[in-house]
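Down below is the structure, laid out as structure tokens.
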Amino acid sequence: MPELPEVETVVRDLRPALVGRIVRSAAAGPLALRVPWRGEWAALVAGATITAIRRRGKWILIDLQGGGALLGHLGMTGQLRVLRADEPAESHTHLSFTLDDGHELRFRDIRRFGSFQYLAAASDLDTFIGERLGPEPWDLQPASWYRDLRSSRRPLKALLLDQAVVAGVGNIYADESLFAARLPPRQRGALTTRVQAERLRLAILATLDQAIAARGSTIRNYVGGSGLEGGFQHEHRVYARAGKACLVCGELIHMMRLAGRSTHWCPGCQRSSRVRS
DNA sequence: CCGACGTCCTGCTAGC
DNA sequence: TGCTAGCAGGACGTCG
């Protein structure tokens with residue numbers, strides 16, 4: 001479910017409820033997440049003060065006093081919320097962290113593609129993130145971004161989904177960004193011009209900024225850290241609009257399978273630029 | 001080495 | 001109305 005704007009919304013929602021709180025205890029349900037929660041982590045987390053909560057790509061980092069950290073990923077259906085400890089846990093709640101103010105941080109995940117793990121040192125965190133994630137979209141350097149696109153034969157859609165190329169873009173925002181940049185999802189990275197690369201970079205930033213302002217997109221399960229649904233699904237211009245008229249040119253939005261994901265685009269607006277010999 | 005594809009899991013719904 | 005195949009905001013391992 002959650003891409004960068006949704007994760008950013010969760011983190012912003014949770015920050016005031018978490019920073020400064022002390023974790024009293026941690027408890028896991030019987031079903032394993034993608035990374036199984038280890039029993040010994042509970043003792044390492046208990047008693048620690050939460051000093052920060054931040055986002056990197058689609059990952060959530062909760063820093064603990066003493067250098068440890070919790071590292072979470074929402075997968076497709078993950079929800080991370082702070083609720084009163086006396087509220088009954090919803091179905092599919094797999095992890096609960098009791099806080100010192102009568103609340104609990106709860107991780108709920110229907111499909112269990114998400115994960116939550118404890119890392120003992122900041123260097124572990126840096127290594128974990130470093131070997132998976134490229135730059136945040138706002139940190140992309142035009143020159144290296146252009147070089148990365150040019151050096152690959154993969155379709156632009158596949159490059160946008162690759163977290164090592166740019167961190168945080170997922171299926172919705174890849175399609176919306178390519179539409180905003182007027183580039184066809186199937187275009188090979190190697191055929192991208194400097195002008196197109198810059199158009200795409202700026203389209204990603206604009207799309208993500210708008211989505212964050214709308215608190216992300218709720219298609220099925222997503223809610224923010226306060227339990228609120230997102231609003232950006234009402235502003236999608238191609239995603240889940242197959243068969244409907246393009247809001248810019250009126251042609252029908254198409255859907256195809258690309259890089260293993262459903263891909264939505266407008267054949268009128270996103271034409272391949274002819275390479276002339 | 002790179003890129004395409006299958007797999008993990010549950011729930012909802014489009015289409016028969 | 002009732003059933004079921006197929007699909008869903010992701011990441012990663014494997015295969016060619």
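In what follows, chains carry the letters A, B, and so on, assigned in the order in which the sequence lines appear, proteins first and then strands, with residues in each chain numbered from 1.
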Distance-only side-chain donor-acceptor flag, A:D109 / A:T77, under 3.5 Å: yes
Let me know the distance between OH of A:Y222 and C1' of C:dG10, rounded to the nearest Å. 16 Å
B:dC9 and C:dT14, which share atom name P, separated by this distance in whole Å: 16 Å
It should be established whether A:H73 places a side-chain nitrogen or oxygen under 4.0 Å from OP1 or OP2 of nucleotide C:dA11. yes
Can you check whether A:H92 has a side-chain N or O nearer than 4.0 Å to OP1 or OP2 of B:dC9? no
Check against side-chain hydrogen bond (donor to acceptor under 3.5 Å, both in side chains), A:Q196 and A:Q187: CA-CA 11 Å; A:Q196 290 175 337; A:Q187 178 174 315; 3.0 Å; yes
What do you reckon, is CZ of A:R21 surrounded by more than 12 foreign heavy atoms closer than 6.0 Å? yes
Tabulate atom names and distances for all N/O pairs under 3.5 angstrom spanning the protein and nucleotides 3-6 of chain B.
unit_1	atom_1	unit_2	atom_2	d
B:dG3	OP1	A:S152	OG	3.0
B:dG3	OP1	A:R153	N	3.3

Answer yes or no: is there an ion pair linking A:R56 with A:E136, defined by an N-O contact shorter than 4.0 Å? yes
Roughly, in whole Å, what's the span from NZ in A:K58 to P in C:dA11? 4 Å
Between C:dC7 (C1') and A:I219 (CD1): distance, integer Å: 13 Å
Ionic contact status for A:E8 with A:R12, cut-off 4.0 Å: yes
Taking atom C1' in both B:dG6 and C:dG6, what distance in whole Å separates the two? 16 Å
Taking atom CZ as the centre, does A:R132 end up with more than 12 heavy-atom neighbours from other residues, nucleotides or ligands that are less than 6.0 angstrom away? yes
Categorize A:Y239 for me: base, sugar-phosphate, or nothing, with a 4.0 angstrom heavy-atom threshold over every strand shown. sugar-phosphate
Quick one: do the A:H264 and A:D175 side chains pair a donor with an acceptor below 3.5 Å? yes
For atom CZ of A:R15, decide whether the heavy atoms of other residues, nucleotides or ligands shown that lie under 6.0 angstrom number more than 12. yes
Closest to the side chain of A:Q163, out of C:dA11, C:dG10, C:dC12, is C:dA11
Within this structure, what is the CG-to-P distance between A:N171 and C:dC7, rounded to whole angstrom? 13 Å
Is there a side-chain hydrogen bond (donor to acceptor under 3.5 Å, both in side chains) between A:E6 and A:Y173 once you walk through the steps? CA-CA 11 Å; A:E6 290 76 30; A:Y173 300 107; 2.6 Å; yes
Just the rounded figure in Å: distance from P of B:dC8 to CG of A:L74. 22 Å
Regarding A:S217 and A:Y239, do their side chains bring together a donor and an acceptor under 3.5 Å, going by distance alone? no
With a 6.0 Å cut-off on the ring centroids, do A:W37 and A:F97 count as close? yes
Could you state the CZ-P distance from A:R34 to C:dC12, rounded to the nearest angstrom? 6 Å
Neighbours of DNA chain B within residues 111-131 of chain A, by heavy-atom distance under 4.0 Å: A:R111, A:R112, A:F113
At 4.0 Å (heavy atoms only), tell me whether A:I110 reaches a base, stays on the sugar-phosphate, or touches nothing. sugar-phosphate
One should report the stems of DNA chain C, each a stretch of at least three consecutive Watson-Crick or G-U pairs at distances under 3.5 Å, as B:2-8 with C:10-16, B:10-16 with C:2-8
Between C:dC12 atom P and A:M76 atom CE, what is the distance in whole Å? 14 Å
Whole-Å gap separating P (B:dT13) and CZ (A:R220): 7 Å
Determine, for A:E87 against A:R84, whether the closest basic-nitrogen to carboxylate-oxygen distance falls under 4.0 angstrom. no
